[in-house]
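Within every chain, numbering begins at 1; the chains are lettered A, B, ... in the order of the sequence lines, protein sequences first and strands thereafter.
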Amino acid sequence: MIRVRFAPSPTGYLHLGNARTALFNYIFARHENGKLILRIEDTDKERSKKEYEEMLIDDLKWLGINWDEGPDIGGEYGPYRQSERTDIYYEYIEKLKDTGHIYKCYCTPEELEEERKKALAEGRPPRYSGKCRNLTKEEQEKLEKEGKTYVWRFRVPDDEVIEFEDLIKGVISINVNEFGDFVIVRSDGSPVYNFVVVIDDALMKITHVIRGEDHLSNTPKQILIYRALGFEIPKFAHLPIILGEDRSKLSKRHGAVSLRAFRDDGYVSEAMFNGLALLGWHPKGDSEVILPEEIIKEFDIKDVHNAPAVFDRAKLKWLNGVYIREILDLDDLTNRAIPFFENFGYKADFDYYKKVMQAIRDSLETLMDIEERAKPFFTNDFHYDEDAAKWLETEEGYKVIQAFYEKIKGLETITKDDFKKITKEIQKELKVKGKNLFMPIRVALTGKTSGVDIATLVEVIGIGRVKHRIERALEYFG
RNA sequence: GCCCCCGUCGUCUAGCCAGGCCUAGGACACCGGCCUUUCACGCCGGCGACACGGGUUCGAAUCCCGUCGGGGGCACCA
């Protein structure tokens, strides 16, 4: 049974990069009929907040990701919050003490900083010197009597090359001399990330660790710990990093990069799912529009591209448009659009919203675009744009809406076909056609020279509002 | 600085592992046209890349080496 995990730290909104990592874990798990585990890495008390965890879960679910074990649903390998696993960590720290894999180090941060600087200046890799490595019991006791605090460091073998096969990048080999003895337990007694992640992954029986490439250089340290504890080493897959336009790691500096921001900006989850999957992975065929379930079917971790990818906002926007105008079911789309309508102050019932969506969906890229495109369906007291007003400031234009008003003023209802019939008649009677015929009506009805099909608009808003707007224009331009 | 990863159109990528099917395919963006009462949608077309230099080979985007370039990492953060 394949078991993978997504292990975010709840320090803010779910970032696009993390969302992509979560997504690939999910897709892989489902493709392989394995399990996805959600684990919350909340050991950084300074930055972790409970409400962030809830937001994280909410975002993940919105994206369409679900998991088989996690803090919200439990599971047989819990607890799934690192803050609730401290006893477990101490147990394994004891084991490492017993086997002599870790030792006490009394160096102060200041001393270490000093060494770092010196090493850097001399062009050596800045790693721990091993000063406290072979302290005797007596020396340790003496230092502790002086009130010195200590950390526990892992005893790294000398000059050994750690080699592992990455499912995406191939064989990776790193010499342990690059990092030297690293800290496992802080001076306050709390264990460090590289240690707890190994304990958790091992105990939770994780078979494949799929994570961002920024963890690549941590991997040998973790392998050392797996070995020291006699744990089976999982397979690793490091996803290429996502870059901003300036080719540096995507971050807040690059604008809105949280999943939540896209959701608020009117992106639909399937498009995000599709778009995020496209960052580093590509379907076999020519079409890049591919539904979540198809992605899961087609996905193979070996096909993931291994070069970092610049996040393509324009393409994601286009994709979102495709989902809005071609893929989503109209009722479903309408339901998702309702919060946006309401937010713009456009009030109506479901059936009306649905008609509006049917009329405008082809012109939307995001649900935010509803504000502009749906306006004529809700607002009677709009401004006439300067270039639009010109169509009614001419005698010909004014006559058109006069004629139009004559024909509709006695009506109780109006349909698309009625509208077409009426405009045909005006065309014959006044001998105006094309823009000269339709623009004056459009401007009288919307105040703009562009927008939805007017026949559709007329049918949806109904005769009352049509009359009202024509009367208003007649008066305004009369 | 050191280590690791990477390098195909502006961007995302297919092709690379098993060299010829590649005058390098697709998608977004951009430009032009068509459709049309407008905008948009849609359709058609165009622009546009194997980072560079050496090898290996009858033949290299594909294999090897080097250079250059980009990214990530070098914490008592995760």
Side-chain angles (χ1 to χ4, degrees), chain A residues 7-9 11 41-44 46-48 82 105 107-109 112-113 116 119-127 149-153 166 168-170 172-175 177-180 182-188 190-194 196-197 212-220 238 240-241 243 245 247-249 275 278-289 302-303 305-319 321 325-326 360-365 369 372-373 388 423 427 433-439 441-443 446 448-455:
Chain A
S9 43
T11 55
E41 306 208 327
D42 55 353
T43 49
D44 185 350
E46 304 281 299
R47 294 190 296 158
S48 297
Q82 289 188 331
C105 167
C107 299
T108 64
L112 294 171
E113 184 54 31
R116 259 178 68 87
L120 243 27
E122 289 167 15
R124 290 179 289 117
R127 65 184 181 103
T149 58
Y150 55 86
V151 299
W152 288 87
R153 281 183 188 274
D166 187 282
I168 292 168
K169 305 208 169 273
I172 309 285
S173 55
I174 296 174
N175 192 311
N177 287 353
E178 292 313 320
F179 44 85
F182 53 92
V183 175
I184 289 284
V185 184
R186 301 185 185 96
S187 50
D188 67 358
S190 64
V192 121
Y193 168 77
N194 276 128
V196 299
V197 74
E213 195 185 320
D214 41 342
H215 287 282
L216 195 59
S217 49
N218 277 329
T219 309
H238 288 95
I241 225 99
L243 274 25
E245 325 284 280
R247 304 201 66 87
S248 69
K249 192 172 165 185
L278 249 25
L279 252 30
W281 177 81
H282 198 268
K284 291 267 177 277
D286 277 344
S287 175
E288 295 181 359
V289 179
K302 287 179 184 63
D303 293 335
H305 198 233
N306 56 8
V310 173
F311 174 53
D312 192 342
R313 258 172 220 279
K315 193 165 183 170
L316 182 66
K317 200 168 198 181
W318 163 80
L319 241 191
R325 72 182 88 96
E326 297 175 13
I360 67 169
R361 68 186 298 181
D362 275 354
S363 66
L364 304 178
E365 270 194 311
D369 297 338
E372 201 52 42
R373 299 297 298 199
T423 48
Q427 185 181 120
K433 56 174 185 172
K435 287 188 181 185
N436 295 124
L437 170 60
F438 289 94
M439 275 302 176
I441 302 174
R442 171 178 294 285
V443 173
T446 70
K448 291 183 183 306
T449 56
S450 67
V452 271
D453 172 64
I454 331 172

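- Looking at every heavy atom in both residues, A:Tyr193 comes nearest to A:His215 through OH-CE1, 3.2 Å.
- Put simply, the side chain of A:Arg247 reaches to within 4.5 Å of the side chain of A:Val310, judged on heavy atoms.
- In this structure, of B:C76, B:C41, B:C6, it is B:C76 that holds the atom nearest to the side chain of A:Ser187.
- If you check every strand for non-hydrogen atoms under 4.0 Å, A:Asn436 touches nothing.
- Of all heavy-atom pairs spanning A:Lys249 and A:Asp214, the tightest one is NZ-OD2, 3.3 Å.
- For the pair A:Lys435 and B:U36, the criterion of a side-chain N or O lying under 4.0 Å from OP1 or OP2 is not met.
- Listed candidates were B:C5, B:G72, B:C39. Nearest to the side chain of A:Ser450 is B:C39.
- A:Gly280 comes within contact range of the sugar-phosphate backbone alone, with a heavy-atom separation under 4.0 Å but no base atom that close.
- Ranking B:U38, B:C76, B:G73 by closeness to the A:Val151 side chain, first place goes to B:C76.
- The heavy-atom pair separating A:Cys107 from A:Leu112 by the smallest distance is CB-CD2, 3.9 Å.
- When distances run from any side-chain atom of A:Leu243 to the nucleotides B:U38, B:G71, B:G26, the shortest one goes to B:G71.
- Put simply, A:Trp318 does not rest on the base of B:C28: the two rings are not both less than 5.5 Å apart at their centres and under 30° in tilt.
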task: Verify side-chain contact (heavy atoms from CB on, under 4.5 Å) between A:Glu288 and A:Leu319, making sure each step is shown before the conclusion.
output: CA-CA 9 Å; A:Glu288 295 181 359; A:Leu319 241 191; over 6 Å; no

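- B:C16 and B:G42 have their P atoms separated by 32 Å, given to the nearest Å.
- In this structure, A:Leu364 CG and A:Arg325 CZ are separated by 8.5 Å, a value rounded to the nearest 0.5 Å.
- At a threshold of 4.0 angstrom between heavy atoms, the contacts of A:Glu326 are confined to the sugar-phosphate backbone, with no base atom among them.
- Look at NZ on A:Lys315: it is 5 Å from C1' on B:C28, rounded to the nearest Å.
- Across all strands shown, B:A27 pairs with B:U11; the Watson-Crick or G-U wobble distances both stay below 3.5 Å.
- Counting non-hydrogen atoms under 4.0 angstrom, A:Asp312 reaches a base of the nucleic acid.
- Distance, A:Tyr193 OH to B:G73 C1': 13 Å, rounded to whole Å.
- Side chain of A:Asp453, nearest nucleotide from B:U38, B:G72, B:A78: B:U38.
- Distances shorter than 4.0 Å separate none of the side-chain N or O atoms of A:Asn306 from OP1 or OP2 on B:C5.
- At whole-Å resolution of the value, CG in A:Asp166 and C1' in B:C4 are 11 Å apart.
- Rounded to whole Å, the C1' atom of B:A18 lies 45 Å from the corresponding atom of B:A75.
- A:Trp318 is listed as a side-chain neighbour of A:Val289, based on a closest heavy-atom distance under 4.5 Å.
- Across all strands, A:Thr423 comes closer than 4.0 Å to no nucleic acid atom at all (heavy-atom distances).
- The OH atom of A:Tyr150 sits 17 Å away from the P atom of B:C76 (whole-angstrom rounding).
- Looking at the side chain of A:Phe438, the nearest of the listed nucleotides B:U37, B:G73, B:G26 is B:U37.
- Residue A:Lys433 is out of contact with every strand shown, counting any heavy-atom pair closer than 4.0 Å.
- In this structure, A:Ile360 reaches neither bases nor backbone, as no heavy-atom distance under 4.0 Å exists between it and the strands shown.
- Pairing partner, B:G1: B:C74, with both Watson-Crick or wobble hydrogen-bond distances short of 3.5 Å.
- Taking atom CD on A:Glu365 and atom P on B:C28, their separation rounds to 12 Å, with Å as the unit.
- Closest approach of A:Arg373 to A:Val452, counting heavy atoms only: NH2-N, 4.0 Å.
- OP1 or OP2 of B:A14 lies within a sub-4.0 Å distance of a side-chain N or O belonging to A:His305.
- Remark on RNA chain B: of its neighbouring residues A:Ala314 and A:Thr108, the 5'-side contact belongs to A:Ala314, judged by nearest-heavy-atom nucleotide.
- Between the C1' atoms of B:C9 and B:G53, the separation comes to 23 Å (whole Å).
- Out of B:U38, B:C12, B:C5, the shortest distance to the side chain of A:Arg442 is found at B:U38.
- Comparing the same atom, C1', in B:A61 and in B:G1 gives a spacing of 34 Å after rounding to whole Å.
- Only one option out of A:Asp166, A:Ile168, A:Asn306, A:Ile241 pairs with A:Glu213 in a side chain to side chain contact (heavy atoms under 4.5 Å, CB included); it is A:Ile241.
- Proximity of A:Arg325 to the phosphate of B:G42: a side-chain N or O atom is located under 4.0 Å from OP1 or OP2.
- Nucleotide B:C41: unpaired (no Watson-Crick or G-U wobble partner with both distances less than 3.5 Å).
- Nearest-nucleotide mapping onto RNA chain B: of A:Leu279 and A:Val192, the residue sitting toward the 5' end is A:Leu279.
- In this structure, A:Asp286 atom CG and B:U13 atom C1' are separated by 11 Å, rounded to whole Å.
- Across all strands, A:Phe179 comes closer than 4.0 Å to no nucleic acid atom at all (heavy-atom distances).
- When all heavy atoms of A:Val151 and A:Ser187 are compared, the closest pair comes out as CG1-N, 3.5 Å.
- Residue-to-nucleotide contacts include a donor-acceptor pair under 3.5 Å from the side chain of A:Arg373 to the base of B:C39.
- Separating the C1' atom of B:G7 from that of B:U67 is a span of 13 Å, rounded to the nearest Å.
- Comparing B:G55 with B:A60, their C1' atoms are spaced 12 Å from each other, to the whole Å.
- Between the base of B:C74 and the side chain of A:Ser217 there is no donor-acceptor pair shorter than 3.5 Å.
- Taking atom CG of residue A:Asn218 and atom C1' of nucleotide B:C5, one finds them 14 Å apart after rounding to whole Å.
- When the P atom is compared between B:U57 and B:G19, the two are found 16 Å apart, to the nearest whole Å.
- Using a 4.0 Å heavy-atom cutoff across all strands shown, A:Leu278 reaches sugar-phosphate atoms only and no base atom.
- Only the P atoms considered, B:A51 is 31 Å distant from B:G32, to the nearest whole Å.
- Under the stacking criterion of a centre-to-centre distance below 5.5 angstrom and an interplanar angle below 30°, A:His215 sits stacked against the six-membered ring of B:A78.
- Put simply, the side chain of A:Glu288 and the base of B:G26 share a donor and an acceptor less than 3.5 Å apart.
- Across all strands shown, B:G53 pairs with B:C65; the Watson-Crick or G-U wobble distances both stay below 3.5 Å.
- In this structure, A:Asp303 atom CG and B:C16 atom P are separated by 11 Å, rounded to whole Å.
- In the interface, the side chain of A:Lys169 is not paired with the base of B:C5 through any donor and acceptor atom under 3.5 Å apart.
- Distance from the side chain of A:Ile454 is smallest to B:U37 among B:C12, B:U37, B:U38.
- Comparing B:A40, B:U11, B:A78 by their closest approach to the side chain of A:Arg247 singles out B:U11.
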